[in-house]
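The structure appears below as structure tokens.
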Amino acid sequence: MYWSKIFLPTLKDIPQDAEVISHQLMLRSGMIRKVTSGIYTWLPLGLRVLRKIENIVREEMNDAGAQEVLMPMVQPKDLWEETERWKKMGPELLRIKDRHEREFCLGPTHEEVITDLIRNNIKSYKELPLNLYQIQTKFRDEIRPRYGVMRGREFLMKDSYSFDINQGQLNESYLLMKETYKKIIDRIGLRFKIVKADSGAIGGDTSEEFHVLAENGEDTIAVSNSSDFAINTELLLSDGEDLESLQGKPSPDGEGIIEIKKGIEVGHIFQLGRVYTQAMRANVLDQEGKATDLFMGCYGIGVSRLVAAAIEQNNDEKGIIWPEAIAPFEVNIVAIGFEKDQKIAKAATDLYIKLSSMGYEVILDDRKDGYGTKMKDAELIGVPINIVVGKQYLENEEIELKHRNGQSSAGRVEDIKTIFEHFKES
Ligand code: ATP
Ligand code: MG
């Protein structure tokens, strides 16, 4: 991809209505643009990151034996009346009517639709366990959409639903998803905590959240400084506990001291048990030939929220510092004098072709601007490796390499692979 061709409208100034750093940087680096409150268009650079996260999620879900489906965004009222959520959900559920005055909602989540699918198509315990997932647009008419795509009204979620014949098997399905979520966030390259949580409007008993640690997190979590113990303080408050009072106290699991941290909830896993399957009569024949209601789990990951969370955790005053696994490009070739000097243009283009054929995702800055402007934009969009082809190349055929994390090096084009490996090791 050439900078002169890609639709990448960067901004010099901090947009006024963006409070948190990820929102500011996503606008400034030309990743997203707002359409209306809580609703955004993803531009090419942003979409590349979103797709990378989506693919990591898809690969790990498939690896865990879950199967991908795609359910509709528009859902009929009658399914939501069966679970009484048409009443319970309140104004967060966006309701619409068709030309025949029939009522529908835009799906904020899909328990009703999936339970309907399962009750109509699964007859026996022999067809279980089953775990179905989708990566799909959700709509929630949030009371306070804010922080850009972090709390949007329209957003991309991976939601999955497991169905089992008994509680023991549900435990297994749940633990498998918990492990899968750990792998996903590890692969993306973010620091996170698994936190005991409130099940909220979705219902059920056991639930845990995955929080990316970041100063601008909306949630407050109490974590032990020497074990895995972590709890959303929402839970403590609803139990009538004062928070403040936990600070510096010994952790309830007996290991370490409690510290208060800010987190961004990027994933949420629930054991729903039989809440939905009883309400919607989703039963199958068990080993004894008796009809039995299914045990259900549901598991969500905020795919679009993860993009913002990754930026909250990885940035400096110059811009984004992408973790390699989700960077929009791996290498940025900064060609200084591309339009003036044929030697530079040829060297930069050859390097672009060479790196692309080696399998790297490369962007070549062929614009007329000088070094300062190009490096500023490079640092803003946060590509891990920047290669400068300029004066030094004309003098001694050496290229200059600058890692976004601050490391730098110089060398000949032939040695590029070795230099990249060296960057990776340190
Ligand atoms: P929150 O407490 O942040 O509102 P939630 O508990 O309502 O989240 P879930 O219903 O569990 O969220 O949805 C699964 C995942 O979808 C969340 O962990 C989060 O990553 C993401 N998500 C939820 N609401 C939004 C939103 N308004 N914008 C972007 N992502 C969201
Ligand atoms: Mg919510």
Side-chain angles (χ1 to χ4, degrees), residues 1-6 8 10 12 25 28-31 44-46 48-49 52 187-190 310-311 313-426:
M1 185 64 75
Y2 281 43
W3 277 75
S4 60
K5 306 253 162 54
I6 188 173
L8 179 48
T10 57
K12 277 199 196 74
L25 288 173
R28 287 187 54 211
S29 65
M31 292 175 68
L45 195 80
R48 290 179 77 96
V49 179
K52 288 210 167 166
R187 261 185 76 181
I188 295 173
L190 302 179
I311 298 174
Q313 207 178 69
N314 299 282
N315 68 78
D316 62 14
E317 66 294 344
K318 294 173 187 158
I320 304 167
I321 307 174
W322 286 114
E324 268 170 43
I326 60 167
F329 295 95
E330 294 166 284
V331 184
N332 175 32
I333 301 173
V334 185
I336 310 299
F338 188 92
E339 77 292 346
K340 283 189 290 218
D341 198 309
Q342 279 190 355
K343 224 182 142 204
I344 295 281
K346 179 163 189 326
T349 309
D350 285 351
L351 186 59
Y352 176 82
I353 294 168
K354 181 181 164 131
L355 288 172
S356 301
S357 71
M358 283 163 75
Y360 289 102
E361 291 174 286
V362 193
I363 181 166
L364 166 60
D365 196 346
D366 59 335
R367 296 174 301 172
K368 282 205 175 92
D369 305 277
Y371 180 82
T373 303
K374 288 191 177 187
M375 277 319 289
K376 268 213 176 80
D377 272 352
E379 283 162 341
L380 176 63
I381 73 165
V383 173
I385 297 176
N386 291 291
I387 302 180
V388 185
V389 181
K391 244 201 233 125
Q392 212 169 319
Y393 184 80
L394 290 183
E395 280 162 18
N396 50 18
E397 302 220 330
E398 263 196 357
I399 49 169
E400 209 184 317
L401 291 96
K402 291 174 180 292
H403 200 285
R404 184 61 181 84
N405 66 15
Q407 297 178 80
S408 61
S409 179
R412 301 178 76 81
V413 171
E414 302 85 75
D415 304 324
I416 202 112
K417 214 172 168 182
T418 324
I419 303 177
F420 281 6
E421 270 157 23
H422 181 72
F423 270 157
K424 272 207 176 129
E425 278 161 25
S426 49

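Residues P384 and A327 approach most closely at CD-CB, 3.5 Å, considering heavy atoms. Nearest heavy atoms, I381 versus P328: O-CG, 4.5 Å. Closest approach of I399 and I416 over heavy atoms only: CD1-CD1, 3.4 Å. For V383 against N332, the heavy-atom pair with the smallest separation is CG1-N, 3.7 Å. Here the closest heavy-atom approach between residue A347 and residue V389 is recorded as CB-CG1, 4.0 Å. In terms of heavy-atom proximity, I419 sits nearest to G411 at CD1-CA, 4.0 Å.
Under the rule for a salt bridge (charged side-chain N to carboxylate O under 4.0 Å, His left out), the partners of K318 that lie at least two apart in sequence or sit in another chain are E379. Contacts of K368 classified as salt bridge (charged side-chain N to carboxylate O under 4.0 Å, His left out), with partners at least two apart in sequence or in another chain: none. Residues satisfying the side chain to side chain donor-acceptor pair (under 3.5 Å) criterion with K391, sequence neighbours excluded, are absent altogether. Taking A310 as the reference, L190, W322, I326 meet the side chain to side chain contact (heavy atoms under 4.5 Å, CB included) condition, with sequence neighbours excluded. For D415, the side chain to side chain donor-acceptor pair (under 3.5 Å) criterion is met by no residue, not counting sequence neighbours. Applying the side chain to side chain donor-acceptor pair (under 3.5 Å) test to D366 and every residue at least two apart in sequence or in another chain returns S4. Residues passing the salt bridge (charged side-chain N to carboxylate O under 4.0 Å, His left out) test with D365 are R367, K374, sequence neighbours excluded. Contacts of E339 classified as side chain to side chain donor-acceptor pair (under 3.5 Å), with partners at least two apart in sequence or in another chain: none. When the salt bridge (charged side-chain N to carboxylate O under 4.0 Å, His left out) test is applied to E361, the partners found at least two apart in sequence or on another chain are R48, K52.
More than 12 non-hydrogen atoms from other residues, nucleotides or ligands lie less than 6.0 angstrom from NZ of K343.
For the pair I387 and L355, the minimum side-chain heavy-atom distance is below 4.5 Å. L8 places none of its side-chain heavy atoms less than 4.5 Å from the side chain of D377. Side chains of L380 and L25 form a contact here, defined as non-hydrogen atoms less than 4.5 Å apart.
Interatomic distance, NE2 of H422 versus CD of Q407, reported as 6.5 Å (0.5 Å rounding). To the nearest 0.5 Å, atoms OG (S356) and CG (L351) are separated by 9.0 Å. To the nearest 0.5 angstrom, I344 atom CD1 is 4.0 Å from L394 atom CG. Here S29 contributes atom OG and L45 contributes atom CG; the two are 6.0 Å apart, rounded to the nearest 0.5 Å. Separating the CD1 atom in I333 from the CG atom in L364 is a distance of 5.5 Å, to the nearest 0.5 Å. Considering OG1 of T10 and CH2 of W3, their distance stands at 6.5 Å, rounded to 0.5 Å.
Screening residues 345-392 for ring pair (Phe, Tyr, Trp, His ring centres under 6.0 Å), with sequence neighbours left out, gives Y2-Y352, Y360-F420. Counting only residues at least two apart or on different chains, the salt bridge (Lys or Arg N to Asp or Glu O under 4.0 Å) pairs with a member in residues 403-413 are D316-R404, E397-R412, R412-E414. Counting only residues at least two apart or on different chains, the ring pair (Phe, Tyr, Trp, His ring centres under 6.0 Å) pairs with a member in residues 392-414 are H403-F423.
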Chi angles and distances behind the side chain to side chain contact (heavy atoms under 4.5 Å, CB included) call for M31, I311: CA-CA 12 Å; M31 292 175 68; I311 298 174; 4.1 Å; yes
